[in-house]
Amino acid sequence: MEQEYNYEALLTLLENRSYGELRRLLAEENEVDIADFIERVPRHLAVVAFRTLPKELGAEVFSNLPPDTQQLIIGAITDAELSEIVEELFVDDAVDMLEELPANVVKRVLKNAHPETRRRINQFLHYPENSAGSIMTAEFIDLRKSMTVREAIARIRRIAEDCEQIYTCYVIDDCRVLEGVITLKELLLARDDAVLETMMERDVITALTTEDREEAVQAIMKYDLLALPVVDHENRLVGIVTADDVMDVMEEEATEDFEKMAAMSPSERPYLKTGVFTLARKRIMWLLVLMVSGMVTGGILGRYEAAFAAMPLLVTFIPMLTDTGGNAGSQSSTLVIRGMAVGEIASADFLRVFWKELRVSLLVGAVLSAVNFIRLILTYPGNELIALTVACALFATVAMAKTIGGILPMVAKVLHADPAIMAAPLITTIVDAFSLVIYFSVAQSLLHF
């Protein structure tokens, strides 16, 4: 999709130092587009562009900038300007920023934060990495269960401006223990003198601060929540996970899984901003592992060298067998990995997945082997026994590949490894070795060489 703003026009104003006109035009743009503009301009102009922004817009734009640009701006602005930005940021955005910045920059940011803001940021930074506590925000609507509707609406009006979302309100007691939830719609439709304790929904879906963030995301998706309350081990409300947090986590997890499925070590930096040596380092280890494991295939071929000499025609079917087996295994592993990622498949479903993939593999294998048998009969008349050998080997290979592809990601999960590593490259390497053993074992049994 094309950019909605005119980059060249804005850049011309910036280069010509027409800051008043630039400020006016930027104020009309979305903060995401402004951040994109600042990121695209030459580095020596990025700070100048940021300084032209109205104060109330600056923090929103800052939260959408990548860490290296944030660091550049922090290094160029005054302590007073930095303090204003930190105070305007939502706590979760401030925490995300600090986690990516060098220690000396973090020290300066915290030094210029208000004591209460600094306390909340430090609290978030102490939560385990990739936990629900590390991605939650502390800006939400909390109401006492003893409040009337009139008092609740008055409080919402007073604090709503600083909250990320106000539709769902959280009802707590005097010790901040979460008692229930109530929506803004319910409050607006209720009598002014109604007490929240008599109206609230008590069955609340929550996440623990130490719970894995993926589980929190799955809960939001499963129950179609606008936000998920996060509580400590004493059920005290400490924050909420919102929709924008969910989208960030999903993007990060999907990127990490794609990289692992492509046999690469995950990288947190964008492709164009990652150095050549870093990219090579993240790829070489898995390529070495796959290369060494691929030597097993060569060893198997060497073991059956006599079969090649006796029947050279057998060699021509090896690529078809290994490719079909690898593709079949990748299909199963991809579906199972996806099912585990979205919470459709759990480790307890191991036997169900095994039984289903086995039946699927038998059906698919039967069709493929039948088609191949007919093709070989027509292509190589008089070699019916070879055609039968290839068809039987193909049937067994597909059955084996799909079964292995379906269960290996689940085995990885049980062993506390990432199921994504059991994707196409590794599955293909494993299946190649097994398919060759199957092929030549069937050939020896049927052709007697």
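Position 1 is the first residue of the sequence; numbering continues from there.
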Peer 1: Contact between Ile85 and Ser63 at the side-chain level, heavy atoms closer than 4.5 Å - yes or no?
Peer 2: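 SC-SC contact between Ile85 and Ser63 ruled out.
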Peer 1: Is a donor on one side and an acceptor on the other found under 3.5 Å between the side chain of Ser83 and the backbone of Ala80?
Peer 2: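 Looks like no, no N/O pair under 3.5 Å.
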Peer 1: Just checking, any donor-acceptor pair under 3.5 angstrom between side chains of Glu357 and Thr403?
Peer 2: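 No, Thr403 and Glu357 have no side-chain donor paired with an acceptor closer than 3.5 Å.
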Peer 1: Which residues pass the side-chain contact (heavy atoms from CB on, under 4.5 Å) test with Asn64, not counting sequence neighbours?
Peer 2: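 Scan of Asn64 (side-chain contact (heavy atoms from CB on, under 4.5 Å), adjacent residues dropped) gives Glu31, Val32, Ala35.
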Peer 1: For residues Val431 and Gly325, report the shortest heavy-atom separation together with the two atoms involved.
Peer 2: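 Looking at all heavy atoms of both residues, the shortest contact is CG1-C, 3.4 Å.
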Peer 1: What distance do Cys169 atom SG and Lys185 atom NZ have between them, rounded to the nearest 0.5 Å?
Peer 2: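 It comes to 14.5 Å.
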Peer 1: Is the shortest heavy-atom distance from the side chain of Val231 to the side chain of Leu208 under 4.5 Å?
Peer 2: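 Yes. Closest side-chain heavy atoms under 4.5 Å.
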Peer 1: For the residue pair Tyr167 and Leu226, what are the closest heavy atoms and their distance?
Peer 2: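 Where Tyr167 meets Leu226 most closely, the heavy atoms are CD2-CD1, 3.5 Å.
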Peer 1: For a side-chain contact (heavy atoms from CB on, under 4.5 Å) check, start with the C-alpha distance between Val364 and Gln331, then their side-chain angles and the critical distance, and finish with the verdict.
Peer 2: CA-CA 12 Å; Val364 173; Gln331 283 182 336; 5.8 Å; no
Peer 1: With no hydrogens and no angle check, is any side-chain donor or acceptor of Thr322 less than 3.5 Å from a backbone partner on Pro319?
Peer 2: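 Yes, because the side chain of Thr322 sits within donor-acceptor range (under 3.5 Å) of the backbone of Pro319.
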Peer 1: Are any side-chain N or O atoms of Asp349 and backbone N or O atoms of Ala346, one a donor and one an acceptor, separated by less than 3.5 Å?
Peer 2: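 At least one qualifying donor-acceptor pair exists.
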Peer 1: If we ignore angles and hydrogens, is there a donor and acceptor under 3.5 Å between the side chains of Asn327 and Ser330?
Peer 2: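 The answer is no; no qualifying pair exists.
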Peer 1: To the nearest 0.5 Å, how far apart are CE in Met320 and OG in Ser435?
Peer 2: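 Atom-to-atom, Met320:CE and Ser435:OG are 10.5 Å apart.
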Peer 1: Test Phe62 against every option in Ile38, Ile74, Leu82, Val86 by the side chain to side chain contact (heavy atoms under 4.5 Å, CB included) rule and name the one that passes.
Peer 2: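 Among Ile38, Ile74, Leu82, Val86, the one meeting side chain to side chain contact (heavy atoms under 4.5 Å, CB included) with Phe62 is Ile74.
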Peer 1: Applying side-chain contact (heavy atoms from CB on, under 4.5 Å), run through Asn30 and Ile34 and close with a yes or a no.
Peer 2: CA-CA 6 Å; Asn30 182 277; Ile34 300 174; over 6 Å; no
Peer 1: When you measure from the side chain of Arg202 to the backbone N and O of Gly180, does any donor-acceptor pair fall under 3.5 Å?
Peer 2: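 No, the answer is negative, given that no donor and acceptor are paired below the 3.5 Å cut-off.
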Peer 1: Could you go through Leu26 and Arg24, starting from their C-alpha distance and side-chain angles, then the distance that decides it, and tell me whether this counts as side-chain contact (heavy atoms from CB on, under 4.5 Å)?
Peer 2: CA-CA 6 Å; Leu26 287 178; Arg24 185 185 66 81; over 6 Å; no
Peer 1: Any heavy-atom pair between the side chains of Leu143 and Leu187 that's under 4.5 Å?
Peer 2: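 A side-chain contact under 4.5 Å exists here.
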Peer 1: Where do Val241 and Ile220 come nearest, in terms of heavy atoms and distance?
Peer 2: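 Shortest heavy-atom separation between Val241 and Ile220 comes out as O-CD1, 3.7 Å.
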Peer 1: State whether Arg144 and Glu151 are salt-bridged, where the test is any N-O pair (Lys NZ or Arg NE/NH1/NH2 against Asp/Glu carboxylate O) under 4.0 Å.
Peer 2: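 Answer for the salt bridge query: no.
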Peer 1: Phe395 and Gly365: which non-hydrogen atoms are nearest, and at how many Å?
Peer 2: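 Closest approach of Phe395 to Gly365: CD1-C, 3.4 Å.
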Peer 1: Thr183 vs Glu201, test: side-chain contact (heavy atoms from CB on, under 4.5 Å). Steps then yes/no.
Peer 2: CA-CA 9 Å; Thr183 65; Glu201 171 62 49; over 6 Å; no
Peer 1: Please determine whether the number of non-hydrogen atoms from other residues, nucleotides or ligands lying under 6.0 Å from atom CD of Glu161 exceeds 12.
Peer 2: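 No, because the 6.0 Å sphere around CD of Glu161 holds 12 heavy atoms or fewer from other groups.
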Peer 1: Going from OG on Ser146 to CD on Glu197, what distance comes out if it is rounded to the nearest 0.5 angstrom?
Peer 2: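 Taking OG in Ser146 and CD in Glu197, the distance rounds to 8.0 Å.
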Peer 1: Could you tell me which non-hydrogen atom of Leu22 sits nearest to which non-hydrogen atom of Leu10, and how far apart they are?
Peer 2: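 Minimum heavy-atom separation between Leu22 and Leu10: CD1-O, 3.7 Å.
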Peer 1: According to the salt bridge (Lys or Arg N to Asp or Glu O under 4.0 Å) rule, which pairs have a member within residues 224-237, sequence neighbours left out?
Peer 2: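 Applying salt bridge (Lys or Arg N to Asp or Glu O under 4.0 Å) to every pair that reaches into residues 224-237, excluding sequence neighbours, yields Asp232-Arg236, Glu234-Arg236.
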Peer 1: If you look at every heavy atom in Ala396 and Ile438, which pair is closest and at what distance?
Peer 2: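 That closest heavy-atom pairing would be CB-CG2, 3.7 Å.
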Peer 1: Mind checking whether Arg51 and Ile77 have side chains closer than 4.5 Å, heavy atoms only?
Peer 2: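 With C-beta onward as the side chain, the pair touches.
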Peer 1: Are more than 12 heavy atoms, taken from residues, nucleotides or ligands other than Phe354, located less than 6.0 Å from that residue's CZ atom?
Peer 2: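 No.
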Peer 1: Roughly how far, to the nearest 0.5 Å, is CD of Glu215 from CG of Leu228?
Peer 2: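 Rounded to the nearest 0.5 Å, the CG-CD separation comes to 11.0 Å.
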Peer 1: Between Ile240 and Gln165, is any pair of side-chain heavy atoms under 4.5 Å apart?
Peer 2: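 Yes, at least one pair of side-chain atoms sits under 4.5 Å.
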Peer 1: Check for a donor-acceptor pair, side chain of Tyr223 on one end and backbone N or O of Gln218 on the other, with a separation under 3.5 Å.
Peer 2: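 Not at all, since once roles are kept as given, no pair shorter than 3.5 Å links the two residues.
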Peer 1: Would you say the side chains of Glu39 and Thr69 form a donor-acceptor pair under 3.5 Å?
Peer 2: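 On atom types as modelled, these side chains qualify, holding a pair under 3.5 Å.
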Peer 1: So, Glu88 side chain and Glu60 main chain: donor-acceptor pair closer than 3.5 Å or not?
Peer 2: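 The answer is no, because no donor-acceptor pair under 3.5 Å joins these two groups.
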Peer 1: Enter the distance from Phe317:CZ to Leu394:CG here, rounded to the nearest 0.5 Å.
Peer 2: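 So the CZ of Phe317 and the CG of Leu394 are separated by 11.5 Å.
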Peer 1: Which value, rounded to the nearest 0.5 Å, describes the distance between Glu214 atom CD and Met340 atom CE?
Peer 2: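 Reported to 0.5 Å precision, the distance equals 10.5 Å.
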Peer 1: Taking side-chain contact (heavy atoms from CB on, under 4.5 Å) as the definition, give me every residue that meets it alongside Asn16, ordered by chain and number, with sequence neighbours left out.
Peer 2: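 Scan of Asn16 (side-chain contact (heavy atoms from CB on, under 4.5 Å), adjacent residues dropped) gives Thr12, Ser18.
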Peer 1: Evaluate the side-chain proximity of Asp192 to Thr148: yes if any heavy-atom separation is below 4.5 Å, no if none is.
Peer 2: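 Side-chain contact under 4.5 Å: no.
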Peer 1: Is there side-chain contact between Ile172 and Lys145, with heavy atoms separated by less than 4.5 Å?
Peer 2: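 Of all side-chain heavy-atom pairs linking Lys145 with Ile172, none is under 4.5 Å.
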Peer 1: Count the heavy atoms belonging to other residues, nucleotides or ligands that lie under 6.0 Å from CZ of Arg359, then report whether that count exceeds 12.
Peer 2: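 Result for CZ/Arg359: enclosed.
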Peer 1: Would you call Phe140 and Ile166 a side-chain contact if the rule is heavy atoms closer than 4.5 Å?
Peer 2: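 Heavy-atom side-chain distance check fails, nothing below 4.5 Å.
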Peer 1: Taking 4.0 angstrom as the limit, do Arg176 and Asp142 come out as a salt bridge?
Peer 2: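 Counted as a salt bridge, because a side-chain N and a carboxylate O are separated by less than 4.0 Å.
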